[in-house]
Each structure stands twice: as C-alpha cells, then as structure tokens.
Amino acid sequence: MSIRRRIIDYSRGNNLHCFWLLYRLQKKTGEGFMHDVLTFMMSRCAHRHGGYIGPDTVIKGNLTLPHGLHGIFISRYAEIGENCRIYQNVTIGEVDRRAPVIGDNCLIGAGAVIIGGVKIGSRVKVGAGAVVCTDIPEGCTVVSQPVRIIGEKKEHEGNGEENRTGMDRGKYGESVS
C-alpha cells in the first residue's frame, strides 16, 4: 500500500492495519493465554473503529472494507470467502450459533443484513438495505425485500385527529366496536 493511501486511510479513521495484524496473530496462536490477550486487543481495536468482527470468524482471503469497520457486525461463527467487499453498517448475524457462509468475490452493500445459517454463493452482489435469510446461488444479485404495509394512516371525521393504526375505524370510516 502506498504512503499516500495510508495517509488517506488514517485521516478517515480507516487505519485498520493494527486490527488486521492482531487478527492474523490471533489466528496463528493456539488456544491459551496469548490467544485471549490478542482476542481482547482485537475486540478493543474493532470497537474503537465502530464495528465488531468475532474472534472465531473465518476470513479466507483479503476482505475489503471501503468505509472501514463503521457499523459492521460479523458474527463469530461466520465464514467469509476471498476478495469480498463489505460496505458500512452491514450485519452478518447468527441464529442459534448458525451464521452465514459467504463465497468468494462477493459484494455486500451498505446496510445489508445477512442472518442465519444461509449459504451465499460466489460472485453474489447483495444490494444496499437487502435482508437475506435464504440461500443465494452463485452469480446472483439480491435487492431489498418487498414493502409490506402493516397499518394505514386514517383521519377521523370532524376534528382532523389522525389514527395511525387504522384499528378503530372500519373500511368506510364507521366506528368498529
């Protein structure tokens, strides 16, 4: 990495060299006191950058974080393939100790949520704000979920008060008991 790039990363607060050094050292050490010390230091470093990468997360190759660790949560049970790119505020979470397995060369957009024991194939693009809870085959693009309207905003007759839930009025505005 060039000196210019390092200065830009440092000025943005994305200087993660210390974090990745601790991560690599922690993976090389076996179980024991030194592993625990490195895990503690790695967790504190990630917290300082506003994110979390679990100590047991498997990252197979280069992980690119264009915006640093800002808002990123990666479960300790997750597995991430080579050359993946993860943008800010992404959650890769677990359900009952089952976390996603993400293939190689994937892109995960800002604010995306991937949760549970799902498998994401290689070369998958997960769009910004998408919620993924099912397996995705290789080479696909995933975008946000369809919107569901839960309640309608209705106006009462007369004084103009608003009913945000729409629960006490019928279809044509008559009172429902």
Side-chain angles (χ1 to χ4, degrees), residues 9 12-14 16 19-20 22-24 26-27 31 35-36 38-154 162-168 171:
D9 284 350
R12 290 181 182 164
N14 296 338
L16 295 172
F19 174 80
W20 291 118
L22 290 170
Y23 179 83
R24 282 191 223 83
Q26 187 247 9
K27 292 301 175 194
E31 295 296 319
H35 182 268
D36 295 341
L38 290 170
T39 300
F40 173 78
M41 291 173 60
M42 186 180 78
S43 295
R44 292 305 305 157
C45 185
H47 178 73
R48 192 181 86 213
H49 287 283
Y52 173 81
I53 295 180
D56 299 328
T57 302
V58 176
I59 299 173
K60 292 183 179 176
N62 295 332
L63 179 63
T64 304
L65 305 172
H67 299 283
L69 274 175
H70 304 293
I72 293 176
F73 174 88
I74 301 176
S75 168
R76 66 183 307 163
Y77 303 108
E79 184 177 318
I80 300 175
E82 295 182 12
N83 301 320
C84 289
R85 178 180 289 268
I86 300 177
Y87 286 89
Q88 73 274 14
N89 298 324
V90 169
T91 300
I92 300 173
E94 66 187 70
V95 174
D96 297 329
R97 296 187 179 193
R98 294 178 52 228
V101 175
I102 299 172
D104 299 336
N105 302 310
C106 291
L107 181 138
I108 302 173
V113 177
I114 303 172
I115 192 159
V118 299
K119 181 167 180 2
I120 307 294
S122 296
R123 300 176 323 279
V124 169
K125 294 177 184 173
V126 178
V131 177
V132 179
C133 53
T134 59
D135 292 349
I136 308 297
E138 292 187 5
C140 291
T141 300
V142 180
V143 294
S144 64
Q145 300 291 325
V147 177
R148 293 183 333 173
I149 299 174
I150 296 174
E152 289 185 26
K153 181 177 171 182
K154 301 247 183 192
E162 296 178 355
N163 175 13
R164 297 198 187 284
T165 63
M167 300 301 276
D168 62 348
K171 183 175 179 181

Closest non-hydrogen atom pair, [X] against [Y]:
X	Y	answer
I72	I74	CG2-CG1, 3.8 Å
T64	P66	O-CD, 3.5 Å
R76	D56	NH2-OD2, 2.6 Å
A112	V126	CB-CG1, 3.9 Å
A78	A99	N-CB, 3.6 Å

Once rounded to the nearest 0.5 Å, what's the spacing between atom [atom1] of [X] and atom [atom2] of [Y]?
X	Y	atom1	atom2	value
I59	I53	CD1	CD1	4.5 Å
K125	C140	NZ	SG	11.5 Å
L65	R85	CG	CZ	9.5 Å
I86	T91	CD1	OG1	10.5 Å
I108	N89	CD1	CG	13.5 Å
S122	N105	OG	CG	6.5 Å

Subject >> Set of residues satisfying side chain to side chain donor-acceptor pair (under 3.5 Å) with respect to K60, sequence neighbours excluded >> reply: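 Here the qualifying residues are E79.
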**OP:** Decide yes or no for I115 and V95: does some side-chain heavy atom of the first lie under 4.5 Å from some side-chain heavy atom of the second?
**Re:**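 Yes, at least one pair of side-chain atoms sits under 4.5 Å.
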Subject >> Side chain S75, main chain T57, donor-acceptor under 3.5 Å >> reply: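 Not a single qualifying donor-acceptor pair exists.
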**OP:** With sequence neighbours excluded, tell me which residues meet side-chain contact (heavy atoms from CB on, under 4.5 Å) with V118.
**Re:**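 Partners of V118 under the side-chain contact (heavy atoms from CB on, under 4.5 Å) test: P100, I114, I120, D135.
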